[in-house]
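Structure, as structure tokens:
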Amino acid sequence: MPLSPGAEPFHHPGNPGNTVGVLVCHGFTGSPQSVRPWATSLAERGYAVSLPLLPGHGTRWQDLALTGWQDWYAEVDRELGRLAARCSRVFVCGLSMGGTLALRLAARHGATISGLVLVNPANKMHDVAARALPVVRHLVPSTKGIASDIAKPGGQELGYDRVPLHAAHSLRQFFRIVDAELAQVTQPLLVLHSPQDHVVPPVDSARILARVSSTDITERLLERSFHVATLDHDAELIFADTHAFISRLASPADAPRPDRVG
């Protein structure tokens with residue numbers, strides 16, 4: 001199936017002499033469109049940026065039903081390897097399930113990752129009906145979508161209007177796996193989350209912050225935004241905080257000079 005316009009992955013090589021790379025991960029049923037302004041803001045700062053399209057996303061929900069967490073994780077794992085091969089420091093940013101992917105990368109790759117920036121990271125399916133997914137997914141193919149939880153008038157996320165239950169079942173398994181690995185996360189952490197989020201409740205961020213082993217932790221509330229905060233009122237705040245976080249942790253020799261994206 002052809003990609004939906006706007007769902008294309010994004011890559012920027014970084015400014016000459018730059019040695020800092022940033023991997024940006026989008027969320028479940030979404031696409032790079034939901035975090036593209038975030039990735040573009042980092043590219044404009046001169047960083048090498050990789051924003052991959054996760055398998056099964058950006059086309060139609062039926063394609064997502066044929067994939068699972070192993071496919072989504074493998075994609076970001078490959079992109080991390082590509083950035084680490086040419087950058088002395090690599091940071092990982094993620095929205096929603098993209099934050100979950102970032103946490104597993106951090107747990108498994110240790111010092112390869114210099115820091116994480118998570119926006120409304122997901123940790124658990126709280127709906128009681130999720131317990132029935134192992135059975136229901138064989139009877140019902142999909143349920144209503146979760147895209148475009150945005151407070152800003154006119155804000156629109158490019159995401160599926162249906163959630164395939166086979167993929168949702170895999171996501172629930174992934175949450176459990178990553179939750180058990182949180183103690184292995186030791187990297188500096190910036191977590192930005194919305195008190196009003198109709199997709200991922202704030203308790204997920206609280207649980208993550210309580211269970212990681214990181215000692216350098218910064219938490220920021222996104223008071224004016226809903227779930228897709230990277231397209232919402234607080235987007236510029238997220239972009240500025242991300243750059244400040246990376247700049248603080250990157251050595252002066254690593255820090256790139258801002259430039260225009262070609």
Side-chain angles (χ1 to χ4, degrees), residues 2-10 12 22 24-45 49 51-54 56-61 64 93-102 117-123 125-127 142-164 167-168 171 190-206 208 218-245 258 260-261:
L3 287 181
S4 300
E8 302 85 1
F10 173 84
H12 179 65
V22 187
V24 183
C25 308
H26 71 77
F28 183 64
T29 76
S31 76
Q33 178 264 352
S34 63
V35 289
R36 189 180 304 277
W38 196 8
T40 300
S41 75
L42 291 164
E44 290 171 346
R45 299 285 190 177
V49 180
L51 167 54
L53 171 67
L54 300 180
H57 292 76
T59 54
R60 56 176 190 164
W61 69 262
L64 182 57
C93 302
L95 166 69
S96 194
M97 182 191 73
T100 319
L101 292 166
V117 182
L118 313 178
V119 174
N120 291 321
N123 178 255
M125 286 189 181
H126 297 271
D127 192 337
S142 68
T143 188
K144 65 179 181 180
I146 56 174
S148 291
D149 185 36
I150 300 172
K152 187 176 182 179
Q156 187 70 32
E157 180 187 18
L158 178 60
Y160 295 145
D161 59 359
R162 304 294 297 176
V163 175
L171 178 60
L190 169 60
V191 177
L192 308 100
H193 61 96
S194 306
Q196 296 186 70
D197 187 326
H198 307 98
V199 178
V200 174
V203 68
D204 281 27
S205 290
I208 290 167
T218 305
E219 181 180 11
R220 166 84 81 161
L221 293 182
L222 304 173
E223 300 279 3
R224 302 186 302 148
S225 301
F226 293 161
H227 182 62
V228 192
T230 48
L231 297 178
D232 216 326
H233 292 294
D234 293 304
E236 292 299 329
L237 182 153
I238 294 170
F239 306 159
D241 277 11
T242 301
H243 174 59
F245 176 78
R260 292 184 179 274
V261 179

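Both backbone and side-chain heavy atoms feed into the values below; hydrogens, waters and symmetry mates do not. This structure is a prediction, so every number in the text was calculated from the model and none was measured.
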*Can you find a pair of side-chain heavy atoms, one from F28 and one from T100, that are under 4.5 Å apart?*
no
_Whether Y160 side chain and I146 backbone form a donor-acceptor pair below 3.5 Å_ = no
*asked:* Within this structure, what is the CG-SG distance for the pair L42 and C93, rounded to the nearest 0.5 Å?
replied: 5.5 Å
*Indicate yes or no: at least one non-hydrogen side-chain atom of L54 is less than 4.5 angstrom from one of L101.*
yes
*Evaluation steps, side chain to side chain contact (heavy atoms under 4.5 Å, CB included), between L231 and Q33*: CA-CA 9 Å; L231 297 178; Q33 178 264 352; 3.8 Å; yes
*asked:* For A122 versus M97, what's the shortest heavy-atom pair and its separation?
replied: CB-N, 4.3 Å
*Quick one: OG1 on T59 to CG on L53, what's the gap to the nearest 0.5 Å?*
8.0 Å
*Can you check whether S34's main-chain N or O pairs, donor with acceptor, with H26's side chain at less than 3.5 Å?*
no
*asked:* Just so I know, are the side chains of W61 and D161 near enough to count as touching, which here means a heavy-atom distance under 4.5 Å?
replied: yes
*Just by distance, do the side chain of E219 and the backbone of S205 share a donor-acceptor pair under 3.5 Å?*
no
*Taking the side chain as C-beta and beyond, is there a heavy-atom pair between D232 and L222 under 4.5 Å?*
no
*Is a side-chain donor or acceptor of D197 paired with a backbone partner of V200 at a separation under 3.5 angstrom?*
yes
*asked:* The criterion is side-chain hydrogen bond (donor to acceptor under 3.5 Å, both in side chains); which residues satisfy it with E8, sequence neighbours excluded?
replied: none
_Minimum-distance pair of heavy atoms, taken over all atoms of R224 and A151_ = O-CB, 3.7 Å
_For V163, is there any backbone N or O sitting under 3.5 Å from a side-chain donor or acceptor partner on T143?_
no
_Test log, rule side chain to side chain contact (heavy atoms under 4.5 Å, CB included), inputs W38 and V117_ = CA-CA 11 Å; W38 196 8; V117 182; 3.7 Å; yes
*Name the one of I238, L192, V119, V191 that satisfies side chain to side chain contact (heavy atoms under 4.5 Å, CB included) with R220?*
L192
_Nearest non-hydrogen partners of L158 and G6, listed with the distance_ = CD2-C, 3.8 Å
*Got a donor-acceptor contact below 3.5 angstrom from the D204 side chain to the N123 backbone?*
yes
*Nearest heavy atoms of A229 and S225, plus distance in Å*: CB-CB, 3.9 Å
*With no hydrogens and no angle check, do the side chains of H227 and S96 hold a donor and an acceptor under 3.5 Å apart?*
yes
*Hey, are the side chains of P2 and R60 touching, using non-hydrogen atoms and a 4.5 Å cut-off?*
no
*Which pair of non-hydrogen atoms, one from D234 and one from E223, has the smallest distance, and what is that distance?*
OD2-N, 3.6 Å
*asked:* For the backbone of G159 and the side chain of T29, can you confirm whether one donor and one acceptor N or O come within less than 3.5 Å of each other?
replied: no
*If only atom types and distance count, is the side chain of R36 paired as donor or acceptor with the main-chain N or O of L51 below 3.5 Å?*
no
_Whether F226 and H198 hold their rings parallel, tilted or perpendicular, with breakpoints at 30° and 60°_ = perpendicular
*Closest non-hydrogen atom pair, L64 against H57*: CD1-CE1, 3.3 Å
